[in-house]
Amino acid sequence: MRASELEQSPGETLLRIYAWMFLARIADNRILELFRQGLIRGTVTGGQGNEGLTIPLALLADKAIDAVSFTHRDSCGHLIWGADLCEHLNQYFANAGSPTRAREGNIHHGDPAHRSLPMISHLGSMLSNVAGTADSQRRFGRPAVGFAFFGDGASSTGDVHETMNLASLLSLPVLFVIQNNCYAYSTPTCEQFCEGTELWQRAAGYGMEGLALDCTRDVAHVTRTLATAIEKVRRTSRPMLIEAKVLRLRGHAAYDTCDYLRPGESDAFLARDPVPRMRADTVAAAGIARVEAIEAEVSAFLEACVKIALATPRPTADGMERDLFASSPAIAWKPELPSGGAGFSPPAFPAANPHEGRAGARPAASLQLNLAQALNLALRKILAERPESIVLGQDIATYGGAFKVTENLFKEFGRTRVLNTPLAESACTGYAIGLALNGHRPIEEFQFADFATEATTQITLNAATMHFRSGAACPLVLRFPCGGGLTFGSFHSQELESLFLSMPGLKGLYPSTPQDAFNAMLAAYEDNNPVIVFEHKALYRRGRSAVVWDPNYRQVWQPRQLRAGDFATFVTYGEMVHLAEEASEYFAGEYETSFDLFDLRALAPLPLEPIRASLVRTGRLIVLHEGRRTHGFGAELVARLTEENFAALKAAPLRIASLDLPVPFAPELEHAFRPTKDKIVDAIAAWMG
């Protein structure tokens, strides 16, 4: 809908807006009735009182290019964006026709393929997703606007402030809309904000325009105002904040008794109901007969859809586990290392080649690199060959990152591809999710893995669950510089794989060599799911080894056997691989005892078949990891490997890990905290005895 239509044919335009407002109201009321009849489970929320905002804005949006995140107050927005009413009802009934396949309740659905992003209950976290998708559209040359809805309650969350700052900083075309109905569940605005606070005035602090808009009275005026705002955001690519005054005509949800309302407040809300006001305006412009005809048609349509939804079969669990991850078609990389400007100086030299000497054969190009340089090389290859790639993070541009892994990439590829971000891990991760949902493939560096805890909701509850609940792929690489041994203390040394990978939907790679680091970055990048690449800081410059173009780079998703032996199966990953090799060498020389030593490399999914076969043969298991012992990753390994092969065991499994403490700072204390070669040797020797 265009704003000019309101001037050229006001009766027809008002009739169209009112038809949607009427459908929104009776649909929300009908859904509440069905819930009270026990036909809908969980609970339901309604948008009664929001219609004067949601309907005009959704009609004014360009559904072909714009992006939006509707909340639980915007049910009819989904229908205007293109959803079928039967499908919408199926979502509430959680039946086989649910757009989330009954895996999400209430109104937690969307249409990611058409940039209507699925809702999560952490409403503030949705804003950055819209910012990322809107920016993605602009990068593709489409003059899109993003519409980010959130309530007065959610406006207090950190994600909201992080995202508004990010949007202003990057000049992203996002219209932020606060749905202020005076209550966050039961908490009135006077208990949320200081007296006299006007939420729209916060816009000035972020260098954007702000305004307040009463959406309970003149819907035609609201429509014109919104049209002007949308056009300005679209034209200038500058964000804007609107504080929309709406109403709480029903409780927060079906179970809410509203006994917290002040005397007379409910009646005052009802007196400002925008639907009766809009009906009167429409009758005046189009006539009572046309209004009643529309109401009869819409009512009949709703009841027909209710019957269809009630008759739709219940869901089955078929495919649930299979649908956790999106399929990932392989990328056709150039079969070579990138050349020039790599940010390091070692010369290329011919690598060993089994075909050397054959007529016409050429040795593979190779570089002697440390692990940080190998990651830099992989990032350079990705940026050079994949125009949809974006590298972002704190201090990664001119400075080259805290550990110089992104050194010189900014010089070569520029700010649009190598992007410094503010200290806002949650919003920046949400922004990356929005990019990923729309065809870009972002790679985000966390300065330290520890700081990823700031983005836990975005990583574990949003990105990780995206495909399962919406069917949308979320190709996102998260780089985690992790691990101790460098006297960085508690907040810069954590091993967080057991924390993050316990959440379903995340994949994880943990390379221990430069070649595996190069391969892991390519394998993670081409995956259509969020992948965490754990990078142990002590390995960044541990030493150099040959890195070549490896056509079998996807084998990094499988464990690699480093040594063969018959006494025990020894499993580890990350920096501990090198300590395990030293310990294995010691036992081979001093005890004439050999181990099957495996480097896991991939921590999620967790392919253990070759390790299981080894355990059946050796009958003994050693698991080594740097993370703390209690709830550590080793516990999962022991459980997985022994529960099916218990009868083959000749001894109890041995777990070697760090102490159950925060990572201490002083080198003497950190040495006592984490595994060392001597402690590994002593633990294995005592276990053998």
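Worth saying up front: this structure is predicted, and the values here are computed from it rather than measured.
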Between Ser136 and Asn438: side-chain donor-acceptor atoms closer than 3.5 Å: yes

Nearest-0.5 Å distance that lies between atom CG in Leu419 and atom CD in Glu445: 12.5 Å

Short side-chain donor-acceptor distance under 3.5 Å, Gln394 and Asn420: no

Non-neighbouring partners of Arg142 that pass salt bridge (charged side-chain N to carboxylate O under 4.0 Å, His left out), sequence neighbours left out: none

Polar side chain donor-acceptor pair, Asn528 to Arg441, under 3.5 angstrom: yes

Mutual orientation of the aromatic rings belonging to Tyr92 and His88 [parallel < 30°, tilted 30-60°, perpendicular > 60°]: perpendicular

Indicate every side-chain donor-acceptor pair of residues 469-476 with a distance under 3.5 Å to a residue at least two apart or in another chain.
| unit_1 | atom_1 | unit_2 | atom_2 | d |
| --- | --- | --- | --- | --- |
| Arg469 | NE | Thr465 | OG1 | 2.6 |
| Arg469 | NH2 | Asn462 | O | 3.2 |
| Arg469 | NH2 | Asn462 | OD1 | 2.6 |
| Ser470 | OG | Met466 | O | 2.7 |
| Ser470 | OG | Ala472 | N | 3.2 |

Salt bridge Asp281-Arg277, side-chain N to carboxylate O under 4.0 Å: no

Donor + acceptor pair across side chains of Asp74, Thr54 (<3.5 Å): yes

Nearest atoms (heavy-atom pairs only) where Cys215 meets Ala244: SG-CB, 3.8 Å

Gln192 and Thr187: side chain donor to acceptor below 3.5 Å: no

Phe491 atom CZ: more than 12 heavy-atom contacts under 6.0 Å: no

Euclidean distance, Asn90 CG relative to Ser98 OG, rounded to 0.5 Å: 7.0 Å

Smallest separation among heavy atoms of Ser490 and Asp450, with atom names: O-OD2, 3.5 Å

Enclosure of His108 NE2 (heavy-atom neighbours >12, cutoff 6.0 Å): yes

Ring pair (Phe, Tyr, Trp, His ring centres under 6.0 Å) between Phe480 and Phe500, intermediate numbers included: CA-CA 11 Å; Phe480 278 24; Phe500 280 96; 5.3 Å; yes

Candidate pair Glu87 and His78, rule side chain to side chain contact (heavy atoms under 4.5 Å, CB included), full reasoning: CA-CA 10 Å; Glu87 182 183 75; His78 291 285; over 6 Å; no

Met320 atom CE, over 12 foreign heavy atoms within 6.0 Å: no

Phe446 and Phe451 aromatic centres sub-6.0 Å: no

Interatomic distance, Leu478 atom CG to Glu425 atom CD [nearest 0.5 angstrom]: 12.0 Å

Any residue meeting salt bridge (charged side-chain N to carboxylate O under 4.0 Å, His left out) with Glu12, in chain and number order, not counting sequence neighbours: Arg290

Salt bridge present between Asp323 and Arg101 (N-O < 4.0 angstrom): yes

Distance-only polar pair, side chains of Tyr183 and Glu265, donor-acceptor under 3.5 Å: yes

Residue pair Asp214 / Thr216, side-chain donor-acceptor N/O under 3.5 Å: yes

Side chain proximity check, Thr453 to Thr456, heavy atoms < 4.5 angstrom: yes

Leu170 side chain reached by Arg415 side chain, heavy atoms, under 4.5 Å: no

Over 12 foreign heavy atoms within 6.0 Å of CD, Glu231: yes

Leu175 side chain reached by Leu57 side chain, heavy atoms, under 4.5 Å: yes

Separation between NE2 of His72 and CG of Asn50, rounded to the nearest 0.5 Å: 9.0 Å

Test side-chain hydrogen bond (donor to acceptor under 3.5 Å, both in side chains) applied to Ser168 and Arg238, step by step: CA-CA 7 Å; Ser168 185; Arg238 288 295 303 165; 2.8 Å; yes

Side-chain heavy-atom pair Asn129, Gln458 within 4.5 angstrom cut-off: yes

Pair Glu295 + Arg279, salt bridge at N-O below 4.0 Å: yes

Cationic N near anionic O, under 4.0 Å, Asp135 to Arg138: no

Between Thr100 and His109, a side-chain donor and acceptor under 3.5 Å: no

CD1-OG distance between Ile31 and Ser75, expressed to the nearest 0.5 angstrom: 6.0 Å

Where Ile107 and Thr71 come nearest, the two heavy atoms and their spacing: CD1-O, 4.0 Å

Side-chain atoms of residues 58-66: list all donor-acceptor pairs with protein atoms under 3.5 Å, sequence neighbours left out, distances to 0.1 Å.
| unit_1 | atom_1 | unit_2 | atom_2 | d |
| --- | --- | --- | --- | --- |
| Asp62 | OD1 | Ala64 | N | 3.1 |
| Lys63 | NZ | Ala58 | O | 2.7 |
| Lys63 | NZ | Leu59 | O | 3.2 |
| Lys63 | NZ | Ala61 | O | 3.0 |
| Asp66 | OD1 | Val145 | N | 2.9 |
| Asp66 | OD1 | Arg234 | NH1 | 2.9 |
| Asp66 | OD2 | Asp62 | N | 2.7 |
| Asp66 | OD2 | Arg234 | NH2 | 2.9 |

Cation-pi geometry met for Arg103 and Phe468 (6.0 Å, 45°): yes

Test item: Glu444 and Val477 side chains (from C-beta on) under 4.5 Å apart, heavy atoms: no

Salt bridge (charged side-chain N to carboxylate O under 4.0 Å, His left out) between Lys232 and Glu209, worked out: CA-CA 10 Å; Lys232 188 170 187 178; Glu209 185 177 346; 2.8 Å; yes

Intermediate values then yes/no, side chain to side chain contact (heavy atoms under 4.5 Å, CB included), Leu199 and Phe193: CA-CA 9 Å; Leu199 300 182; Phe193 317 109; 3.8 Å; yes

Positive for side-chain contact (heavy atoms from CB on, under 4.5 Å) with Thr163, one of Ser125, Ser426, Ser128: Ser128

Spatial distance of atom OG1 (Thr133) from atom CG (Leu172) [nearest 0.5 Å]: 11.0 Å

Sequence neighbours excluded, every pair satisfying salt bridge (charged side-chain N to carboxylate O under 4.0 Å, His left out) that has a member inside residues 34-59: Arg25-Glu51

Residue pairs, two or more places apart or on separate chains, that pass ring-ring contact (aromatic ring centres under 6.0 Å, His included) and touch residues 149-173: Phe70-Phe149

Arg224 backbone acceptor or donor facing Thr228 side chain under 3.5 Å: yes

Stepwise side chain to side chain contact (heavy atoms under 4.5 Å, CB included) test for Val68 and Val130: CA-CA 6 Å; Val68 69; Val130 175; over 6 Å; no

Between Gln179 and Asp152, a side-chain donor and acceptor under 3.5 Å: no

